Amino acid sequence: GDSVTQMEGPVTLSEEAFLTINCTYTATGYPSLFWYVQYPGEGLQLLLKATKADDKGSNKGFEATYRKETTSFHLEKGSVQVSDSAVYFCALREAGNTPLVFGKGTRLSVIA
Amino acid sequence: NAGVTQTPKFQVLKTGQSMTLQCAQDMNHNSMYWYRQDPGMGLRLIYYSASEGTTDKGEVPNGYNVSRLNKREFSLRLESAAPSQTSVYFCASRPRQALGTDTQYFGPGTRLTVL
């Protein structure tokens, strides 16, 4: 079945550091790919998405590129802030009315 | 426009008790979902409803039942709670695919403890 693997945390960075959170996937078809973010005590919010190969999703300084050849969708940000501290989830959805499949999440802590 | 709402926010049960977690959305979405979130496990799908009148099992349905009461509401019932069901439960909804978006919207969660 479909699956998502993302790097284990926690990840601790200093403010203004560069962030990469790795995500790879296994899917039978051509899924859409997503990054969701969960701030402390809240539900998940969509951060960015990409629906086909070579698409780049971006939002709030975060970026991720859909790489079909490496089945990857790594999340990057050039300069993190304390307010980016959260849990980040990579997810995929196959075509059709199918549910999202999530990775296990990566906790990011940014210290001033 | 409240989005996805869940009640209660917190609940403590004793083993064997039953309860229903409520979820409602006011965005006229077709699909609704129930997930549980456990440390180190990410989000796991319990049940989902692709459209009003249909429900399907997800990855971890045992010990749960659901009801899609109408287009707005999707409830999750624990008939006989067990400590293994201690978790944070999230409800989510998504519009009809033909509308050109597949963004899923999440509620704030219900933190359930079973003693």
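Treat the numbers as computed from the prediction; the structure is a model and nothing was measured. Naming convention: chains lettered A, B, ... in sequence-line order (proteins, then strands); numbering from 1 in each chain.
Counting all heavy atoms, side chain and backbone alike, B:Phe90 lies closest to A:Gly43 at CE2-CA, 3.5 Å. Looking at every heavy atom in both residues, A:Leu44 comes nearest to B:Phe106 through O-CB, 3.4 Å.
Shown here is A:Glu42, whose CD atom has more than 12 heavy atoms of other residues, nucleotides or ligands within 6.0 Å. Crowding of A:Arg107 atom CZ: a count of heavy atoms from other residues, nucleotides or ligands under 6.0 Å not exceeding 12. In this structure, A:Lys104 places its NZ atom where only 12 or fewer heavy-atom neighbours from other residues, nucleotides or ligands lie under 6.0 Å away.
A:Leu46 and A:Phe62 are not part of a single hydrophobic cluster, where members link through side-chain heavy atoms under 4.5 Å apart. Placement of B:Leu45 and B:Leu76 in two distinct hydrophobic clusters is found when ILVMFWY residues are connected by side-chain heavy-atom separations under 4.5 Å, directly or transitively. Taken together through direct or relayed side-chain contacts under 4.5 Å among Ile, Leu, Val, Met, Phe, Trp and Tyr, A:Val110 and A:Tyr39 form part of one hydrophobic cluster.
Remark: the backbone N or O of A:Leu100 is not paired with any side-chain donor or acceptor of B:Tyr33 at under 3.5 angstrom.
By the 4.5 Å heavy-atom criterion applied to side chains, B:Arg94 and A:Arg93 are counted as neighbours. Between B:Gln37 and A:Phe89 there is a side-chain heavy-atom pair separated by less than 4.5 Å.
For B:Leu43, the parts lying near chain A are the backbone and the side chain together; criterion is any non-hydrogen pair under 4.5 Å. Neither the backbone nor the side chain of A:Gln45 comes within contact range of chain B; no heavy atoms are under 4.5 Å apart.
With rounding to the nearest 0.5 Å, the separation of OG1 in B:Thr103 from CZ in A:Phe34 is 6.5 Å.
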